[in-house]
Number of protein chains: 2
Amino acid sequence: MKKYTIKNIAELAGVSKGTVDRVIHKRGKVSVKALEKVNAVLSEIDYKPNLLARSLKKTKEYHICVVLPDFNKDPFWRPCFEGIEAAVQEFASFGVFIEPFFFHPNDVNSFIEINKKVLELSPDAVLLAPLFYKETVAIVNNYALADIIVSKFNNQLETEKTKNFVGQDLFKSGRIAASLLQMIISKNAAIAIIHIDEDYNNSIHMQEKEKGFRHYFNELEDANYVINTYNTKQAALENRLDSIFNNTSKVEAIFVTTSKVYKVADFFKAKHIKNVKIVGYDLLDENIQYLNDGIINFLIHQDPKKQVYLGLSYLVDYFLFDKEIPAKSLLPIDIITSENLETYL
Amino acid sequence: MKKYTIKNIAELAGVSKGTVDRVIHKRGKVSVKALEKVNAVLSEIDYKPNLLARSLKKTKEYHICVVLPDFNKDPFWRPCFEGIEAAVQEFASFGVFIEPFFFHPNDVNSFIEINKKVLELSPDAVLLAPLFYKETVAIVNNYALADIIVSKFNNQLETEKTKNFVGQDLFKSGRIAASLLQMIISKNAAIAIIHIDEDYNNSIHMQEKEKGFRHYFNELEDANYVINTYNTKQAALENRLDSIFNNTSKVEAIFVTTSKVYKVADFFKAKHIKNVKIVGYDLLDENIQYLNDGIINFLIHQDPKKQVYLGLSYLVDYFLFDKEIPAKSLLPIDIITSENLETYL
DNA sequence: CAATAAAATGTGTTCGAACACACTTTATGA
DNA sequence: TCATAAAGTGTGTTCGAACACATTTTATTG
């Protein structure tokens, strides 16, 4: 498989490299005769432009802003930051400048503000964790007007102007949680779904998971699991759990729909309650600890680091190498136990 | 973070770009005074050479050969071929030429022959599936003498001359299989480990998995699972299973140490035996079918496609961008059930 | 059929690093 | 002190694609 250059093609076609260039890029100003000659050669050979040379010439500096919650406010987002750091290193020598911007996960205004700031910087692209639905729609619109490409990760909100999303299928993820619990609890047991959130920002996120979870059990034949849902803020969690796990409780299993599952585990450890199975999300240090202790039984890995890194890779490949960005990139839903945990760290 | 070029540095240091180049590449022929001036500038700024320009200039064509078993003989290797195809596409435009070479997985001679052939081609690197231990040692030696870089994947054989390996921790993988079965079988149940192989080429591979599997159960306190190991060739498998699963069998679970687990599932389907739990390896079409049918309970995903692709990426990054190749790259050990399967396809 | 516009084509420079080669300065020995 | 070697330094070309600009060819009009 010989490698051809523009010059090679020009010689083969008996024209100049300028003409070949115009044909390839459809810039017009080419006679029918020349066009045919060049196309004849192009159809003969498998021309792959040297991407190194191409992006070297372009020489443009690309600026990508990542907008995500502050990981000091919610540790879930720390791996995302690590993903950004990795990407910064990796892509700096290609002239891509990646910059993170943080907002408060419970404060819509900080979300709006930071996006306003980013918009003013007019970067080439924005990678966004769209926690707030309504506001995201407006913001994405503004970005679109300013010709800024927007990709989203983690939360899949259907907005017209962005079609790029990196994340997981949340419904399926809920089903998986259900199937895992089913394996280790008795038939028709009582199950609690717990949504822990401050202002229900994540509500769509959590609701999808719940739907999937319930869907799994509803689909079972000859089974009648008792599933109750509890919404609570972090501060009220302990009281809530206290009221659920009173003396008469028959709840055998808990599905926590976010990475906050360690908060629930805290409770069980403190109260020395055993034999309640717990499934939750994400490899936070606290969760890992409880998984190893056997208090949490399964974690579902959403791999936020990979989500961010992949989202950024797509943008870089798009800018540098004209690759298309996949509209939807759904990552595998990894099942984590204390046994295979290590291999993911 | 401004981007500096050699020319920038030369101006800042008051020398020519040639001198800067000599300093950066430690080519010598630089006076102490000039060296100091350039180093002063270099320590001030964060110079990252433009990798695009660098590899463009190098212009060299790299040739990488992948040596692996013929996937027509064993479907396990098909995804590897897909990984190669993806890499071929991806890296062709960077001047990297990747070529697969197949040997017969049960024929040492074909392994030796094909490697001889590859050696004669004197590629820049070889990515190797080292099925046969003794022969691999000799072959790797020959490659080393010819200054050909060797990376290995799938089977981790400790040879002096190669330190690059992409694969999984097999011992851990065995432990994971054990932990999965433990969740769904009764306490102190009887378990069969089945090694299916023609000539025990994979023996090290399979033995590691068995060790891990047994280690898990041995470690349990107050438990006494009965674990028996059976070695069999594919042709003899049915008879063997017949003798194990006779009327008095109490075997509740089976661990098949390779992707051939569908062969075992074939038996159970044909004989209408239910309630025997099965764990095996890899997402072959046949295995996927049995997983969905509920005959196979878990599959462990070794992601051979990713192994090959990653192995090739490392080599390309090494050649093009001077990145170091990690000595050992252990991929996550994915637990696959009928629920999360789809997200891996 | 000039004159001029319009279209087509070719030439040359640029991106940044790498390196060959030419040139200048310093060191060494007779 | 001069010749010559050795060390140090700078200049210029190359990689391949992209594009600006100059030049040539063809079409159009009075």
Side-chain angles (χ1 to χ4, degrees), chain A residues 1-39 41-42 45-62 91-96 319-323, chain B residues 1-39 41-42 45-62 91-96 319-323:
Chain A
M1 211 193 337
K2 194 188 169 315
K3 273 191 66 193
Y4 292 91
T5 69
I6 294 249
K7 210 172 136 198
N8 294 151
I9 297 171
E11 281 160 8
L12 286 169
V15 296
S16 74
K17 63 199 176 92
T19 302
V20 174
D21 180 71
R22 276 180 286 264
V23 171
I24 289 173
H25 292 88
K26 302 204 175 72
R27 285 196 230 283
K29 313 219 167 185
V30 175
S31 68
V32 185
K33 227 171 72 187
L35 184 88
E36 276 170 356
K37 281 197 288 185
V38 173
N39 276 333
V41 175
L42 283 177
I45 64 166
D46 178 33
Y47 171 64
K48 292 205 178 123
N50 185 315
L51 299 179
L52 297 171
R54 169 177 292 175
S55 32
L56 172 62
K57 183 57 186 58
K58 282 204 182 153
T59 214
K60 178 162 160 38
E61 290 256 334
Y62 293 96
F91 302 127
S93 41
F94 292 103
V96 180
F319 287 132
L320 259 51
F321 303 127
D322 278 335
K323 296 238 180 93
Chain B
M1 210 192 340
K2 195 190 169 314
K3 274 190 66 193
Y4 292 90
T5 70
I6 294 250
K7 210 172 134 197
N8 292 152
I9 297 171
E11 280 159 8
L12 286 169
V15 296
S16 74
K17 62 199 176 91
T19 302
V20 174
D21 181 71
R22 277 180 286 262
V23 171
I24 289 173
H25 292 90
K26 302 204 175 74
R27 288 196 229 282
K29 311 219 167 185
V30 175
S31 67
V32 185
K33 227 168 75 186
L35 185 86
E36 276 169 357
K37 282 196 287 184
V38 174
N39 276 334
V41 175
L42 283 178
I45 65 168
D46 178 34
Y47 172 64
K48 291 199 177 130
N50 185 316
L51 299 178
L52 297 171
R54 168 177 294 174
S55 31
L56 172 62
K57 184 57 186 61
K58 282 204 180 154
T59 216
K60 176 158 161 42
E61 290 255 335
Y62 293 96
F91 302 128
S93 39
F94 293 103
V96 179
F319 287 132
L320 258 49
F321 303 127
D322 279 335
K323 295 239 180 90

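Note on naming: letters A, B, ... go to the chains in the order of the sequence lines (proteins, then strands), and numbering restarts at 1 for each one.
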Once you round it to whole Å, what is the distance between C1' of dA17(C) and CD1 of Ile9(B)? 11 Å
Compare side-chain N and O positions of Thr5(A) against OP1 and OP2 of dC15(D) and report whether any pair is under 4.0 Å apart. no
Let me confirm one number: the CG-CG distance from Leu51(A) to Leu56(B), rounded to the nearest 0.5 Å. 11.0 Å
Run the side-chain contact (heavy atoms from CB on, under 4.5 Å) test on Val32(A) and Glu36(A) for me, step by step, so that the C-alpha distance in whole Å, both residues' side-chain angles and the decisive distance to 0.1 Å come before the verdict. CA-CA 6 Å; Val32(A) 185; Glu36(A) 276 170 356; 3.9 Å; yes
How close or far is atom P of dA17(C) from atom CG of Leu52(B), stated in whole angstroms? 10 Å
Measuring from Leu52(A):CG to Lys57(B):NZ, what's the distance to the nearest 0.5 Å? 13.5 Å
Does a side-chain heavy-atom distance below 4.5 Å link Tyr4(B) with Val41(B)? no
Atom NZ of Lys7(B) and atom P of dG16(C): how far apart are they, to the nearest Å? 8 Å
Could you state the NZ-C1' distance from Lys29(B) to dC23(C), rounded to the nearest angstrom? 13 Å
Let me know the distance between NZ of Lys3(B) and C1' of dG16(C), rounded to the nearest Å. 9 Å
Within the pair Thr19(A) and dG10(C), is there a side-chain N or O less than 4.0 Å away from OP1 or OP2? yes
Taking CG from Leu51(A) and C1' from dG16(D), how many angstroms apart are they, rounded to a whole number? 11 Å
Tell me whether the OP1 or OP2 atom of dG10(C) has a side-chain N or O from Ser16(A) closer than 4.0 Å. yes
Let's go through Ile9(A) and Tyr47(A) carefully: what are the C-alpha distance in whole Å and the side-chain angles of both, what is the deciding distance for side-chain contact (heavy atoms from CB on, under 4.5 Å) to 0.1 Å, and is it a yes or a no? CA-CA 9 Å; Ile9(A) 297 171; Tyr47(A) 171 64; 3.5 Å; yes
Pairs: protein N or O with nucleotides 18-21 of chain C N or O, under 3.5 Å:
| from | atom 1 | to | atom 2 | distance (Å) |
| --- | --- | --- | --- | --- |
| dA18(C) | OP1 | His25(B) | NE2 | 3.4 |
| dA18(C) | OP1 | Arg54(B) | NE | 2.4 |
| dA18(C) | OP1 | Arg54(B) | NH2 | 3.3 |
| dA18(C) | OP2 | His25(B) | NE2 | 2.9 |
| dA18(C) | N6 | Lys17(B) | NZ | 3.0 |
| dC19(C) | OP2 | Arg27(B) | NH1 | 2.9 |
| dC19(C) | OP2 | Arg27(B) | NH2 | 2.6 |

Between the CG atom in Asn8(B) and the NZ atom in Lys3(B), the distance rounded to the nearest 0.5 Å is 10.0 Å
Whole-Å distance separating the CD atom of Glu61(A) from the P atom of dC15(C): 14 Å
Heavy-atom distance under 4.5 Å between the side chains of Ile24(A) and Leu42(A), does that happen here? yes
May I have the distance from Glu11(A) (atom CD) to dA17(D) (atom P), rounded to whole angstrom? 12 Å
